[in-house]
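Below, each value reflects all heavy atoms present in this structure, side chains not excepted, and no hydrogens, waters or symmetry copies. The structure displayed is predicted, hence computed values, not measured ones.
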Amino acid sequence: MDIVLPFFVVIPLFSSALAVMAPWKWGRDLLHLLIPALSLVGGAWLFWYTTEHGTLGHNVGLFPGGVAIPFVADAFSAVMMVTTSLVMLCANWFATVSGETRARYYPALTLVLLTGVNGVLLTADLFNFFVFIEVMLLPSYGLIAMTGTWSRLAAGRTFVLVNLTASTLLVVGVGFVYATTGTVNMAALRGAAEGNGPAVVAMGLVLIAISAKAGIVPVHTWLPRTYPGTSAAVMGLFSGLHTKVAVYMLYRIYVVIFDLTDRWNTLIVALMVISMLIGGFSGLAENSIRRVLAYQMVNGMPFILVMLAFTTGDAQRALAAGLLYALHHMVTVGSLVLTSGAIEETYGTGLLTKLSGLARRDPWVAAVFAAGAFSVVGFPPFSGLWGKVAVVMSVARGGDWASWLVIATIIVASFAALLAMFRVWRSVFWGRPMQQVPSDLRIRGRLLAPAATLLACSVLMFFAAGPLIDALQTATGALLDVDSYQESVLGVTR
């Protein structure tokens, strides 16, 4: 069954070529909805298969392990594939109903983006990770340039500059890893960062580059400056894909190559605490819905990554808590971004000062946005509650000063997020009805449906928390089973 793994990359790439050549808009729209749906189903199948049969590996061309281009799937990569495909499906759905796919190459670019995402989630090679990151970035440049307001030009320039710089640092780091260890195969690099100073420095460059792509403080400012300049559909895509594949690779590298060492725990805690506070409070100074949401993305990343510093006791449970928060964050922020997109498509603006009284005019939109805001803050009955409870419980097991500091910061940052979301609610949904728009103008249900679908997933995650947490512990158990990972790639274990 390992032969199926390359098809997760080949099919989206081939479909993007078909989307370029297809003369019919309906055909292009069908492709950019069907392929993410197939990827979602394929990811679910991979989760079932790897849970039953263990890690699945394939060396392209059947060359020996360590020489071939390796593709590997386990329950951890399968869970991430399911969620990224779900977010892409809903974002593409919104792009279709909002008319963005009138741009001929929009569907093709999203399918190339999916190619890169699936490649990152399945590769077991650092250089091929760099290659698939570039496959993700190239269509992203085009998507930024063709969609959004005029500010997309400045946003695109910043996005290109930051990501080219980070990619340059990444490939330099990968080169140094090869120079110091003789390989860039992650299975062969198992534990290489322990007791090998040059390898630690080389991998440090790789981690800095990935952290920049994840939007971690202090290399975070590009994200809130660029994402809101695009269209809501593109921002929804980016919110669930770009930063989250960086999270995936940080988890994978820290488990396989750094062997969950605790020597960097203080640094991780310090960076994540600062990131939580900056992400939580910075949104209070923004003037549009999506700029506030961009800082909620910055605020959410450290909740996921801080768990790397609390794996000493029960690593499987700690990483599962971080993974649960990642899935919650992907669907919740995606829902909020697409809801703001529905508002912008109807009323022509997302500025807080130009919107008012939408709770009376569009009560269903107000309900979906309020529910998403509750989920971000961590109120029931939404996934944010269990996400934060799981993180806090795992952190609390440490019982030291770092645990107390992180828990206190989570409380403060969550309160800041509540204030930021309440500020949006007060400006946009409360107040007097807008006088400058027709009284019969309403947000169409088809514009709200993609956001409502993602929100329904958040509610489902709340009520199905037991089976979901069991599944995520299975996923992180597979992540920690480095022996199986190494055997699938190289055919040998330590």
Side-chain angles (χ1 to χ4, degrees), residues 6 9 57 59-61 63-72 77 112 115-141 159-216 218-219 222 242-243 245-261 263-264 267-268 271 305 308 482 485-486 488-490 492 494:
V9 172
N59 290 318
V60 175
F63 287 96
V67 176
I69 296 174
F71 285 94
V72 181
S77 55
V112 176
T115 301
V117 170
N118 286 351
V120 168
L121 296 178
L122 294 176
T123 188
D125 182 281
L126 286 177
F127 181 76
N128 288 318
F129 164 66
F130 161 74
V131 170
F132 284 120
I133 283 288
E134 294 307 299
V135 172
M136 288 179 61
L137 288 175
L138 289 175
S140 300
Y141 301 149
F159 186 86
V160 170
L161 178 63
V162 170
N163 280 282
L164 282 181
T165 303
S167 295
T168 302
L169 183 61
L170 175 60
V171 74
V172 169
V174 171
F176 283 152
V177 170
Y178 185 79
T180 55
T181 65
T183 183
V184 289
N185 186 294
M186 286 193 289
L189 286 169
R190 178 180 183 180
E194 281 299 297
N196 186 340
V200 171
V201 173
M203 284 305 307
L205 294 177
V206 173
L207 292 182
I208 290 171
I210 299 174
S211 297
K213 293 179 181 294
I216 300 300
V219 284
W222 66 271
H242 274 286
T243 54
V245 298
V247 165
Y248 165 83
M249 190 52 70
L250 287 171
Y251 267 45
R252 181 73 73 183
I253 288 173
Y254 210 72
V255 169
V256 176
I257 301 177
F258 282 84
D259 198 23
L260 289 176
T261 179
R263 63 191 298 187
W264 308 107
L267 176 62
I268 293 173
L271 288 177
L305 295 176
L308 294 174
V482 185
Y485 187 82
Q486 194 173 42
S488 297
V489 178
L490 302 176
V492 297
R494 176 178 289 179

Exercise. Output yes when a side-chain donor or acceptor of W222 lies under 3.5 Å from a complementary backbone atom of V219, and no otherwise.
Key: yes
Self-check item: T123 (side chain) donor-acceptor with G119 (main chain) under 3.5 angstrom
Solution: no
Quiz item: Which is it for V256 and L189 under the side-chain contact (heavy atoms from CB on, under 4.5 Å) test, yes or no, and what are the steps along the way?
Solution: CA-CA 8 Å; V256 176; L189 286 169; over 6 Å; no
Quick one: does [X]'s side chain get under 4.5 Å of [Y]'s, heavy atoms only?
X	Y	answer
L308	F258	no
I268	Y254	yes
T165	L169	no

Exercise. Could you check F176 against V201 for side-chain contact (heavy atoms from CB on, under 4.5 Å), going step by step and ending with a plain yes or no?
Key: CA-CA 9 Å; F176 283 152; V201 173; over 6 Å; no
Exercise. Could you pull out the closest heavy-atom pair between V206 and G173, with the gap in Å?
Key: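 In this case the closest contact between V206 and G173 is CG2-C, 3.7 Å.
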Quiz item: Between N118 and V9, what is the shortest heavy-atom contact and its length?
Solution: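 Taking N118 first and V9 second, the nearest heavy atoms are C-CG2, 4.3 Å.
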Quiz item: What do the steps show when you test L250 against L207 for side-chain contact (heavy atoms from CB on, under 4.5 Å), and what is the final call?
Solution: CA-CA 7 Å; L250 287 171; L207 292 182; 3.7 Å; yes
Exercise. Walk me through it: do L137 and K213 pass the test side-chain contact (heavy atoms from CB on, under 4.5 Å)?
Key: CA-CA 11 Å; L137 288 175; K213 293 179 181 294; 3.4 Å; yes
Quiz item: Does CZ belonging to F127 count more than 12 external heavy atoms closer than 6.0 Å?
Solution: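 Open.
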